[in-house]
Amino acid sequence: MDLKWPLVKGTLLLRAGEDGEEKKALQAAAEILQAGGRVAFPTETVYGLGTNALDPEAVRGIFRAKRRPADNPLIVHLAALEQAGELAQNIPPAAVRLAKHFWPGPLTLILPKRGAVPGIVTAGLPSVAVRVPAHSLALKLLRTAGLPLAAPSANLSGHPSPTTAEHVLEDLAGSIEAVLDGGPCPIGVESTVLSFMFSPPALLRPGGVTLEMLEEVLGAKIQSPDLGNFKTDYTATPPAPGMKYRHYAPRAPLFLVEGAGPAQGRRLLALCTSLTARGLKIGLVVFAESQGIFPAPVLKVLSSRRDPATAAARLYGVLREMDAAGVDAIVVEGFEAAGLGGAVMNRLRKAAVQVIGAE
Ligand code: TXA
Ligand code: MG
């Protein structure tokens, strides 16, 4: 192993930014993966914690490092659509159509699994989640290692997903072999998850690829249990095991204030005033348009209300900064936005201990 890479509590920091570094970093990462180790790597959405998806012992190491419940399955990352047939079977033509249109990209497809996929990857489910990420380093790593990589987001279970190598190290230094540093992730929230185990196919997690985009390419309706219109007999068991856990949450309790206009502003002000009166140090996350609304001791501007892409890219980093600032409570201004904005609001609702002003 190349000893010139810095070690953080025993985890190799493989920098891929400078000329000539990238190839060596990829080679070192691939060797670790081929030996059954764990390497965090950047994707276009968030950093993933990868390992050989076909090696059950290696995959066990992922659950251990993340302290992830064993009933929450992993996404398998592939270098190309052609590899999907090695992991999934009876792939519906509609799924192939979507993959051809959106891959590489932030869309995960749930398909019937093949026997070759170890049960630990899919938490015993008969299905497997697959995607081809749209990040040049991720694709190069997949090709150099020559393996399908099982990779959940590279955070401790329940924490906000990491969008930089520093975030990965905050959570996992000392518990994984290496992190491949490719700078910040451009999108910032996790992929859209669409399951073909239901008919019509079901949107299990909103992301950058929206329901409308999927329906347009499919030329057919899909259902979205998250939005309460799930048309099967599903009751107690969530279709994506991940849906039942509190997610994406910072350490400090997060209060989300929804709505719009003056009513939302009044609710935000009332909440900040009452938390402050209880002696709590609050961290306030607002859009640029509401910067002056309350003199919070810690104030972060997410983006303009009209710029959901920047809001998505900054969201998890800002939540981590709030924890680093040692606030007692985080108050977040919600917004009504389609596309990536909808994915941002989905993550905030799941992170919140209380949603105020929701219809
Ligand atoms: O953007 C992303 O998807 C990132 C990057 C690294 O690719 N990955 C990610 O993985 O967010 P993770 O493990 O944090 O989220 C995977 C989600 C979970 O909610 C899990 O329950 C669901 O996908 N999932 C995985 N396999 C499934 C399956 N066979 N059936 C239903 N849901 C599944
Ligand atoms: Mg995750």
Side-chain angles (χ1 to χ4, degrees), residues 46 66-69 71-72 152-153 155-163 167 170-171 188-190 204-207 225-228 236 238 240-260 263-287 290 293-303 305 308 311-312 314-337 340-359:
V46 301
K66 276 185 62 92
R67 293 187 224 137
R68 180 174 175 111
D71 64 353
N72 196 3
S153 50
N155 51 281
L156 281 173
S157 197
H159 283 202
S161 293
T163 52
H167 295 163
E170 270 171 32
D171 278 18
V189 294
E190 305 82 352
L204 302 186
R205 182 173 72 182
D226 241 15
L227 308 175
M243 291 167 91
K244 73 173 185 259
Y245 296 106
R246 182 165 173 242
H247 257 119
Y248 323 111
R251 183 191 51 74
L254 187 153
F255 298 84
L256 175 64
V257 182
E258 295 204 6
Q264 185 188 23
R266 279 195 298 276
R267 283 187 208 116
L268 197 75
L269 203 53
L271 176 66
C272 289
T273 307
S274 91
L275 292 172
T276 304
R278 284 162 56 192
L280 300 175
K281 175 179 172 187
I282 64 166
L284 181 58
V285 183
V286 292
F287 293 101
S290 325
I293 196 162
F294 184 82
V298 185
L299 180 86
K300 303 274 177 201
V301 173
L302 205 50
S303 67
R305 281 184 97 89
R314 284 177 46 73
L315 176 70
Y316 290 138
V318 162
L319 296 183
R320 283 176 181 265
E321 285 169 28
M322 284 296 180
D323 276 344
V327 301
D328 303 311
I330 305 172
V331 177
V332 184
E333 178 184 20
F335 70 153
E336 288 311 316
L340 214 44
V344 168
M345 286 305 289
N346 164 271
R347 303 313 189 267
L348 282 170
R349 286 181 192 127
K350 293 201 169 172
V353 294
Q354 199 185 341
V355 181
I356 294 145
E359 302 305 299

Ala252 backbone acceptor or donor facing Asp328 side chain under 3.5 Å: no

Donor-acceptor pair, side chain of Asp323 and main chain of Pro250, under 3.5 angstrom: no

Look at the side chain of Gln354 and the backbone N and O of Val257, then say whether any donor-acceptor pair between them is shorter than 3.5 Å. no

Just by distance, no angles: are the side chains of Glu190 and Ser153 close enough, under 3.5 Å, to form a donor-acceptor pair? no

Whether Glu336 and Arg305 form a salt bridge (side-chain N of Lys/Arg under 4.0 Å from carboxylate O of Asp/Glu) is what I want to check. no

Heavy-atom distance under 4.5 Å between the side chains of Arg205 and Arg347, does that happen here? yes

Polar side-chain atom of Lys300 near backbone of Leu284 as donor-acceptor pair, under 3.5 Å: no

Is it true that Arg267 and Glu258 have a side-chain N and a carboxylate O under 4.0 angstrom from each other? no

Okay, side chain of His167, backbone of Thr163: is any donor-acceptor separation there less than 3.5 Å? yes

Are the charged groups of Arg320 and Asp171 less than 4.0 angstrom apart, N to O? yes

Val332 and Phe255, any side-chain heavy atoms less than 4.5 Å apart: no

Could you check whether any side-chain N or O of Lys350 sits under 3.5 Å from a backbone N or O of Ala249, counting only pairs where one atom can act as donor and the other as acceptor? no

With a 4.5 Å heavy-atom cut-off, do Ile293 and Leu268 have their side chains touching? yes

Looking at Leu302, is its backbone amide N or carbonyl O close enough to the side chain of Arg314 to form a donor-acceptor pair, meaning the two atoms are under 3.5 Å apart? yes

Between Tyr316 and Glu321, do the side chains contain a donor N or O and an acceptor N or O under 3.5 Å apart? no

Are any side-chain N or O atoms of Ser290 and backbone N or O atoms of Val286, one a donor and one an acceptor, separated by less than 3.5 Å? no

Could you tell me if the side chain of Met322 sits less than 4.5 Å from the side chain of Val285, heavy atoms only? yes

